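Have a look at this one.
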Amino acid sequence: MKRVRASGGTPQLSADGGGVDTRNLAFTVGPHEECAVEEAIRIAGDAGGRVTVLTAGPPEADEQLRYAISMGADHGVLVDTGDTELDPQATAAALADAIRTLEADGATFDLIMFGNESPDAGHYQVGIRVACALSRAMVGGVKGIDIDQADGRARFRREVPAGVEVYEAALPAAVGVKEGLNLPRYPSMRGRLRARKAEVRGIQPEVAPGTLRRIRLRHPEEAGTQTVVLGHGADAAPAVVDLLEELEVV
C-alpha cells in the first residue's frame, strides 16, 4: 500500500511547480489499498493464513502500516526509500527486491494484493511491474476474489462495460483491487493498541532511479458556470425544445 495525501480541497504546489507542498497536509491510506488490506484480512481469516502489509516510502509511512495492523494485519514491513517520491519503475523494483528478501527469509506469499492505482499519481503500473518481476500472474481492476485452497487457484472478477470478466490463476499470483470490492472495517481500540506495540520491520533497499521524469504540476482551469435566460413565457418554448434536443433528451 502507499502513503498518500488526504484528499479534500485544492493542494498547494511548491514554488517551482515540481511537487505538492505537504507541510500542512495529512496523510492516509489510499481507498483501493484499504480495500486490498480488508480483503487480505478476510481471506486470511477464512484460509487460516497471515497478512503482511508492505509499503515503500519515507519513515513516516510507519503510521499507515500501523493503521493496517490495527485493522487486523499481522505484520508490517517498511521499505525505506527516503523522502524523494519514486516513479513506478523504481517503486516496483524496490518492492520486488523486498519481497524476494522476505521470501528468502522464509515468508510465503500466496497472493500479493495491490490497490489498482494510487489516488495521487494514478500510474496503474506498480502492481503489474512487481508481478512481472516476480513472474506471477496479475489481474487488475478486480472487484471480486474467490480462493480455492484445495486446487491452489484463485478466481478474480472485474466489471467491464459489457458485463463481468472472470479470470482464474494458479497461486502464487498478484491482483490489483478497486475500491468497492468490500467495505473496510474501522479499527477497534484493541486493534489500535496492538498496532502501537507491533514491531515493524525495516528494509533499506538500493534504490535505482526510474526513467520517468516529472516536469511540473499545474492546477486545471476552474470550470465556471453561467446562467442564460432562454426567454419568457410562451416565447421561451422553441429555445427550450432546441436545448432538449441538444442534450438528446428528446
Side-chain angles (χ1 to χ4, degrees), residues 1-8 11-16 18-38 40-41 50-107 109 112-115 117-123 125-127 129-130 133-134 184 187 191-210 212-214 217:
M1 66 180 191
K2 183 181 181 183
R3 169 184 168 89
V4 297
R5 293 173 286 273
S7 60
Q12 298 299 312
L13 303 183
S14 58
D16 61 359
V20 175
D21 187 347
T22 62
R23 288 176 295 180
N24 298 315
L25 294 180
F27 286 82
T28 186
V29 178
H32 302 291
E33 284 101 338
E34 191 173 10
C35 286
V37 173
E38 173 64 30
I41 294 169
R50 298 177 70 81
V51 178
T52 297
V53 182
L54 181 70
T55 188
E60 291 80 6
D62 176 86
E63 175 188 358
Q64 283 65 50
L65 287 175
R66 295 188 185 278
Y67 180 83
I69 293 173
S70 72
M71 289 176 64
D74 299 289
H75 307 291
V77 179
L78 173 62
V79 184
D80 189 349
T81 56
D83 295 328
T84 302
E85 185 174 353
L86 303 181
D87 77 345
Q89 183 180 3
T91 301
L95 289 174
D97 286 346
I99 292 171
R100 292 190 189 99
T101 298
L102 294 172
E103 290 184 327
D105 291 343
F109 301 114
I112 302 177
M113 307 180 71
F114 300 88
E117 76 271 6
S118 61
D120 52 358
H123 290 300
Q125 293 185 32
V126 171
R129 286 180 177 273
V130 172
L134 299 176
R192 291 185 180 277
L193 293 174
R194 183 176 71 90
R196 188 177 298 178
K197 300 176 182 178
E199 181 180 353
V200 172
R201 177 173 176 177
I203 295 179
Q204 293 278 351
E206 293 184 6
V207 180
L212 185 66
R213 297 288 179 267
R214 177 188 293 163
L217 299 176

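All figures in this text were calculated on a predicted structure; none of them were measured in a lab. Residue numbers count from 1 along this sequence.
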Can you find a pair of side-chain heavy atoms, one from Leu65 and one from Leu78, that are under 4.5 Å apart?
yes
Hey, what do you get for CD (Gln125) to CG (Asp87), rounding to the nearest 0.5 Å?
8.0 Å
Interatomic spacing from CG in Leu54 to CD1 in Ile99 - rounded to 0.5 Å
5.5 Å
N-O pairing of Arg3 and Glu63 below 4.0 Å
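Salt bridge flag = yes for Glu63 with Arg3.
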Search all heavy atoms of Met71 against all heavy atoms of Pro184 and return the closest pair with its distance.
CE-CB, 4.2 Å
Correct closest heavy-atom pair for Ala73 and Val53 would be CB-CG2, 3.4 Å
On a heavy-atom basis, which atom in Asp80 and which in Gln204 lie closest, and how many Å separate them?
OD2-NE2, 3.3 Å
Measure from the side-chain N and O atoms of Arg192 to the backbone N and O of Ser70, and report whether any donor-acceptor pair falls under 3.5 Å.
no
Hey, is the main chain of Ala93 close enough, under 3.5 Å, to the side chain of Arg129 for a donor-acceptor pair?
no
As a quick check of understanding, evaluate side chain to side chain contact (heavy atoms under 4.5 Å, CB included) for Ile203 and Val77, giving each step before the final call.
CA-CA 7 Å; Ile203 295 179; Val77 179; 3.7 Å; yes
Evaluate the side-chain proximity of Leu134 to Phe109: yes if any heavy-atom separation is below 4.5 Å, no if none is.
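In short, these two side chains do not touch, never coming nearer than 4.5 Å.
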Name of the residue among Glu85, Glu33, Glu117 meeting salt bridge (charged side-chain N to carboxylate O under 4.0 Å, His left out) with Lys2:
Glu85
Asp74 side chain vs Thr52 backbone, donor-acceptor pair below 3.5 Å:
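Looks like no, no N/O pair under 3.5 Å.
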Got Val4 and Gln64 here, is their nearest side-chain heavy-atom distance under 4.5 Å?
no
Can you give me the closest heavy-atom contact between Ala56 and Thr81, atom names plus distance?
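For Ala56 and Thr81, the tightest heavy-atom pair comes out as C-OG1, 3.9 Å.
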Test item: Leu212 and Pro88 side chains (from C-beta on) under 4.5 Å apart, heavy atoms:
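Of all side-chain heavy-atom pairs linking Pro88 with Leu212, at least one is under 4.5 Å.
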Can you name the side-chain hydrogen bond (donor to acceptor under 3.5 Å, both in side chains) partners of Asp105, sequence neighbours left out?
Arg201
Nearest heavy atoms of Thr55 and Met1, plus distance in Å:
OG1-O, 2.7 Å
Shortest non-hydrogen contact from Pro205 to Val79?
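The answer is CG-CG1, 3.4 Å.
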